[in-house]
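First comes the structure, then the notes that go with it.
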Amino acid sequence: MSVIKELARIINEGVNTIQSKCDASGKPFPSLDEPYTPESDAVRIQVIADALPIIAAANQLIATLQIPAMSIIVASGYVHVSAAFATIAKANVVEALREAGPQGLHVKEIVEKIKKPMDPAKLARMLRICATYHIFREVAPDVFTNNRISSLLDKGKPLKEILAKPLEAFDESPGCAAFVDILIDESFKAAAVTQDHLMDPSTAFSDEPNQLPIQRAMHTNKALFEWYDEPGNELRRRRFNIAMKESVKFEVPGAILQGFDWGALPKGSKVVDVGGGIGGTTMALYDIHKHLRYVIQDREAVIKQAQQVWQTERPEALENDTLALQPHNFFEKQPVKDASVFLLRTVIHDWSDRYARTILTHLRAAAAPYTQLVLVDQVAPLACSEDGISDVPGATAPTAPPPLLPNFGLAGSMVYNLDIQMILLCGGEERTVLKISQLLSSAGWKLQRIARVPGNLLHKIIATPA
Ligand SMILES: C[S@@+](CC[C@H](N)C(=O)[O-])C[C@H]1O[C@@H](n2cnc3c(N)ncnc32)[C@H](O)[C@@H]1O
């Protein structure tokens, strides 16, 4: 069969399977036109494994059919979509559209509502390119409304409140609003200088967290997290912490609970969430596993914000000593010596090998013989076959059959976006299985297994003292 026919077959058969599952459950597949709600999107999770090959095949079919020059120009031109999108998000257009309801708003009315000195005609052009990428809908000439994708950026508050208290714009915002705002601010600006940075002999080979594109773009010599603590960066720091807390919610539901038997840990076992942020991960565990004790460690400023969040959302955890919030620099000696689990979610990927090794070595020195290390991180697949790459259980990622790319192509591409994000902002890396295994053993840990949650970006990398 020709490649294009084979790709079409994968799409057809996959769509039929999904439709049958939806018919059997009596729930329609969520429409792109309606705003996102977790309830209306629930059916997607049930068919996520069926959707992966279809997404991979559809993108490969487009790449095959499209005029090559068009493909490369469109890919280079994602910067235009980002520029449009960044402007729209910054101007709180999503919230104005939510308040207007499904009939949408004319761009002139949007500009009045958002109280920004913007040219409505240019805003229409920005919204139109996004609508063409299925973000927003143009429902009549120059009249736009939110759809399932754009509505995820809704900060979830009245527009008036956002305009009155811009520093608190992302506090308690659900969904991806905070996360995307990092991408269109820090990442977007760092991206603009990346080519200069990576071909400048004074920075090209650096593994220092303060010699990255972000420093070049922002004219600072502070590493990202120190820079967040600088005066003037209050919004960025708050936004980052909210983004991380909310990121737990746009994983496959309950992902943190899967692949590691938290329930089997004896009563009173201590789980130390190292670099735990304001505690989104610990909160998800705490809500289900009340028999455990938790410690969240992070930088002082973050722990202060965590204090407010837990006081508001789960005050009893602080009152009954189930949870301790502890300022701690993970480049220094680890104070907790009786941890059952050192849990690090999306921490090790932030750092270059040398820095990551220091963090892991401090944890190894504080580990008891029964301590388990649980890294919750991406595991970057190669874009070719990985057969026989490692015999550690779970090491080999599920691969797509030909003619699809073994890594499911664009269906699995987010890991590489985040990998580049690490080059831009932190100096870390989304590591392959081999790199993870080498890093762990260089710090005295033995990789035992990788527990994958189907359809999820983050996996559990479980190690014990070597
Ligand atoms: C990518 S975030 C992950 C947060 C959290 N684990 C989660 O998944 O939501 C990395 C965390 O590392 C923290 N961090 C950075 N440098 C640190 C340091 N030297 N000591 C302790 N925590 C640090 C940051 O403040 C941030 O909360």
Side-chain angles (χ1 to χ4, degrees), residues 170 176 178-179 182-183 186-187 208-210 212 214 222-230 233-234 236-251 255-257 271-286 294-307 309-310 313 323-336 341-352 354-363 366 373-378 415 417-419 421-422 424-431 453 456-461:
F170 292 94
C176 311
F179 200 92
I182 298 169
L183 295 176
E186 289 97 298
S187 306
E208 292 296 338
N210 66 348
L212 301 169
I214 180 77
K222 300 265 191 223
L224 183 77
F225 295 107
E226 292 169 26
W227 179 67
Y228 278 152
D229 287 346
E230 297 266 277
N233 265 346
E234 292 81 3
R236 286 190 170 113
R237 184 176 66 243
R238 285 172 95 107
R239 183 178 65 190
F240 183 88
N241 295 332
I242 300 285
M244 292 314 304
K245 177 167 177 277
E246 285 303 309
S247 71
V248 175
K249 297 188 194 148
F250 51 80
E251 286 191 70
I256 188 65
L257 305 169
V271 175
V272 186
D273 190 354
V274 181
I278 54 178
T281 310
T282 292
M283 206 175 273
L285 288 174
Y286 165 81
Y294 299 94
V295 181
I296 300 175
Q297 299 179 333
D298 210 291
R299 298 173 307 109
E300 197 157 354
V302 180
I303 290 297
K304 266 193 196 148
Q305 192 179 341
Q307 193 83 38
V309 169
W310 283 80
E313 296 185 22
L323 170 73
L325 297 173
Q326 191 174 65
H328 170 63
N329 178 355
F330 50 45
F331 293 112
E332 292 173 2
K333 257 189 180 169
Q334 170 57 238
V336 180
V341 175
F342 284 127
L343 167 67
L344 292 88
R345 179 179 180 272
T346 64
V347 168
I348 290 305
H349 83 147
D350 285 342
W351 302 94
S352 63
R354 195 154 53 88
Y355 284 83
R357 188 173 305 116
T358 305
I359 299 171
L360 294 169
T361 305
H362 282 304
L363 296 178
L373 177 73
V374 180
L375 308 181
V376 182
D377 243 324
Q378 282 81 220
V415 60
N417 282 75
L418 290 168
D419 190 35
Q421 171 90 339
M422 294 305 115
L424 301 180
L425 301 188
C426 306
E429 179 176 356
E430 304 304 347
R431 293 181 173 84
V453 179
N456 205 48
L457 186 62
L458 299 174
H459 305 296
K460 288 187 193 67
I461 299 155

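Atoms within each ligand, like the ligands themselves, are counted from 1 in listed order. The first residue of the sequence shown is numbered 1, and numbering continues consecutively from there.
- Under the rule for a salt bridge (charged side-chain N to carboxylate O under 4.0 Å, His left out), the partners of R345 that lie at least two apart in sequence or sit in another chain are E251.
- Annotation: G275 places an N or O atom under 3.5 Å from an N or O atom of ligand 1; distance criterion only.
- Looking at E430 and H349, their side chains do bring a donor and an acceptor atom within 3.5 Å of each other.
- Atom 25 (O) of ligand 1 has its closest protein heavy atom at D298 OD1, 2.6 Å.
- Checking each of V347, L363, L343 against V274 for a side-chain contact (heavy atoms from CB on, under 4.5 Å) leaves exactly one that passes, namely L363.
- With hydrogens left out, the protein atom closest to atom 21 (C) of ligand 1 is H328 O, 3.1 Å, a heavy atom.
- Looking from atom 19 (N) of ligand 1 to the surrounding protein, the closest heavy atom is N329 OD1, 2.9 Å.
- Not a single heavy atom of G280 sits under 4.0 Å from any atom of ligand 1.
- For F330, a nitrogen or oxygen atom sits less than 3.5 Å from a nitrogen or oxygen atom of ligand 1, counting backbone and side chain alike.
- Residues meeting the ring pair (Phe, Tyr, Trp, His ring centres under 6.0 Å) test with F170, sequence neighbours left out: none.
- Where the criterion is an N or O separation shorter than 3.5 Å, residue side chain and backbone included, K245 fails it with respect to ligand 1.
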Check your understanding: Step by step, would you call E226 with R299 a salt bridge (charged side-chain N to carboxylate O under 4.0 Å, His left out)?
Key -> CA-CA 9 Å; E226 292 169 26; R299 298 173 307 109; over 6 Å; no
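- Under the 6.0 Å cut-off for aromatic ring centres, W310 and Y294 do not qualify, their centroids lying 6.0 Å or more apart.
- Contact annotation: for Q297 versus ligand 1, there are no heavy atoms closer than 4.0 Å.
- Side-chain contact, T282 with D273: a donor N or O sits under 3.5 Å from an acceptor N or O.
- Panel note: side chain E208, backbone N210; no donor-acceptor pair is recorded below 3.5 Å.
- Considering backbone and side-chain atoms together, R345 places an N or O closer than 3.5 Å to an N or O of ligand 1.
- Polar contact check, R299 against ligand 1: a nitrogen or oxygen pair lies under 3.5 Å apart.
- Residue contacts with ligand 1 include F240, since one of its heavy atoms falls under 4.0 Å from the ligand.
- Closest to atom 10 (C) of ligand 1 among all protein heavy atoms lies D350 OD2, 3.3 Å.
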